[in-house]
Amino acid sequence: MRKRHFLLAAGIALSLGSVFAGALGTPTGKVVLTITGKIGQTNSPQGAQFDMVMLEKLPQHSFTTLTPWGKKPIQFTGPLLRDVLAAVKAQGSVITAMALNDYQTSIPVEDAMKYDMVIAHKMNGQAIAVKTKGPLFIVYPFDAKPELRSATYYERSPWQLKSLTLK
Ligand SMILES: Nc1nc2c(c(=O)[nH]1)N[C@H]1C(S)=C(S)[C@@H](COP(=O)(O)O)O[C@H]1N2
Ligand SMILES: [Mo]
């Protein structure tokens, strides 16, 4: 290839790369979360893919709350769902969340704006094993608002989360 053509090709590859990756970066480790549907920022033909490091680089948020999943309060840590939605330039009004066990639930985008929901990757400071509802678990701060302590919100809290689709 002549030098001018090489530079042109390199330039096109660079600009295509930035259309995909943008501020999102690209996963180097195992993909743990894929976001598809009405989003303005992707980093792969499959949509926006995240490995654990990418989720850990976003601002982290922790809270401790009682849950329906145990008798003791649990501390959850992870990025705010609303920050993850912003990172992919999410549009639409409903999120369909899918879990590894094929559980599926709908979360209104408005919930993520109203409540400090996290995509937890740690429970009580420890990475969450798949058999203990990991590696990712969307949780509401159930103890922060009395209305959150209801089946409506428990059902919108998928553990073993694998993907989100914006509709
Ligand atoms: N991955 C996954 N998340 C899930 C579920 C499930 O089956 N799989 N069940 C949901 C429902 S219906 C409720 S009420 C709460 C509590 O479920 P549990 O009482 O079965 O633990 O978790 C929600 N999150
Ligand atoms: Mo449920």
Side-chain angles (χ1 to χ4, degrees), residues 24 27 29-39 41-167:
L24 210 53
K30 187 177 186 293
V31 172
V32 288
L33 178 67
T34 301
I35 308 183
T36 60
K38 290 187 180 176
I39 58 174
Q41 182 73 64
T42 60
N43 60 4
S44 83
Q46 285 74 45
Q49 297 187 319
F50 292 83
D51 62 11
M52 214 43 112
V53 171
M54 291 166 66
L55 292 173
E56 286 168 351
K57 272 187 186 156
L58 291 167
Q60 302 294 295
H61 188 84
S62 293
F63 56 76
T64 301
T65 184
L66 281 165
T67 71
W69 303 286
K71 288 192 180 131
K72 290 189 200 155
I74 302 173
Q75 186 199 46
F76 294 94
T77 303
L80 289 168
L81 175 58
R82 103 167 58 88
D83 288 346
V84 174
L85 295 178
V88 301
K89 297 186 167 56
Q91 296 133 33
S93 57
V94 181
I95 307 163
T96 301
M98 293 276 291
L100 295 171
N101 68 345
D102 286 337
Y103 179 74
Q104 191 179 320
T105 190
S106 293
I107 303 168
V109 168
E110 201 190 335
D111 281 8
M113 303 306 147
K114 253 194 334 212
Y115 306 115
D116 288 339
M117 301 170 68
V118 301
I119 303 188
H121 53 78
K122 283 195 169 73
M123 283 193 335
N124 297 328
Q126 304 279 317
I128 318 170
V130 172
K131 66 172 183 228
T132 53
K133 301 191 182 331
L136 298 175
F137 191 164
I138 292 188
V139 275
Y140 288 73
F142 301 112
D143 283 355
K145 300 261 170 71
E147 74 261 25
L148 292 179
R149 312 218 30 203
S150 85
T152 303
Y153 297 99
Y154 299 148
E155 286 169 14
R156 293 180 192 171
S157 301
W159 65 81
Q160 295 181 338
L161 176 73
K162 72 173 174 202
S163 69
L164 300 174
T165 302
L166 274 290
K167 287 174 189 159

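Throughout, numbering of the chain's residues begins at 1 and tracks the sequence. The basis for the numbers below is simple: all heavy atoms, side chains too, and nothing from hydrogens, waters or symmetry mates. We count ligands from 1, going down the list as the structure has it; atoms in each ligand are counted the same way.
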For [X] and [Y], indicate whether the former's side chain and the latter's backbone hold a donor-acceptor pair under 3.5 Å.
{"X": "Q60", "Y": "L58", "result": "yes"}
{"X": "E110", "Y": "S93", "result": "no"}
{"X": "Q104", "Y": "D102", "result": "no"}
{"X": "Y154", "Y": "W69", "result": "no"}

*asked:* With the threshold set at under 4.0 angstrom, would you say P68 reaches ligand 1 through any of its heavy atoms?
replied: no

*For ligand 1, find out whether one of its N or O atoms is nearer than 3.5 Å to an N or O atom of E155.*
no

_Any nitrogen or oxygen of W159, side chain or backbone, less than 3.5 Å from one on ligand 1?_
yes

Just to confirm my output: which protein heavy-atom neighbour is closest to [atom], and how far is it?
{"atom": "atom 16 (C) of ligand 1", "value": "W69 NE1, 3.2 Å"}
{"atom": "atom 24 (N) of ligand 1", "value": "S157 O, 2.9 Å"}
{"atom": "atom 23 (C) of ligand 1", "value": "Y154 O, 3.3 Å"}

_Looking at non-hydrogen atoms alone, which of Y153, Y103, F137 comes nearest to atom 6 (C) of ligand 1?_
Y103

*Under 4.0 angstrom from atom 9 (N) of ligand 1, is there any protein heavy atom?*
yes

*Identify which one of R82, K145, R156 satisfies the salt bridge (Lys or Arg N to Asp or Glu O under 4.0 Å) criterion when paired with D111.*
R156

Under 4.0 Å from a heavy atom of [X]: which atoms of ligand 1 are those, numbered in the order shown and with their elements?
{"X": "N101", "value": "1 (N), 2 (C), 6 (C), 7 (O), 8 (N)"}
{"X": "P158", "value": "3 (N), 24 (N)"}
{"X": "A99", "value": "1 (N)"}

_So, applying side-chain hydrogen bond (donor to acceptor under 3.5 Å, both in side chains) with D143, which one of T64, T65, T67 is it?_
T65

*asked:* Under a 3.5 Å cutoff, is there a donor and acceptor pairing between the side chains of T96 and T165?
replied: no

*asked:* Are P79 and H121 packed together at the side-chain level, in the sense that at least one heavy-atom pair is separated by less than 4.5 angstrom?
replied: yes

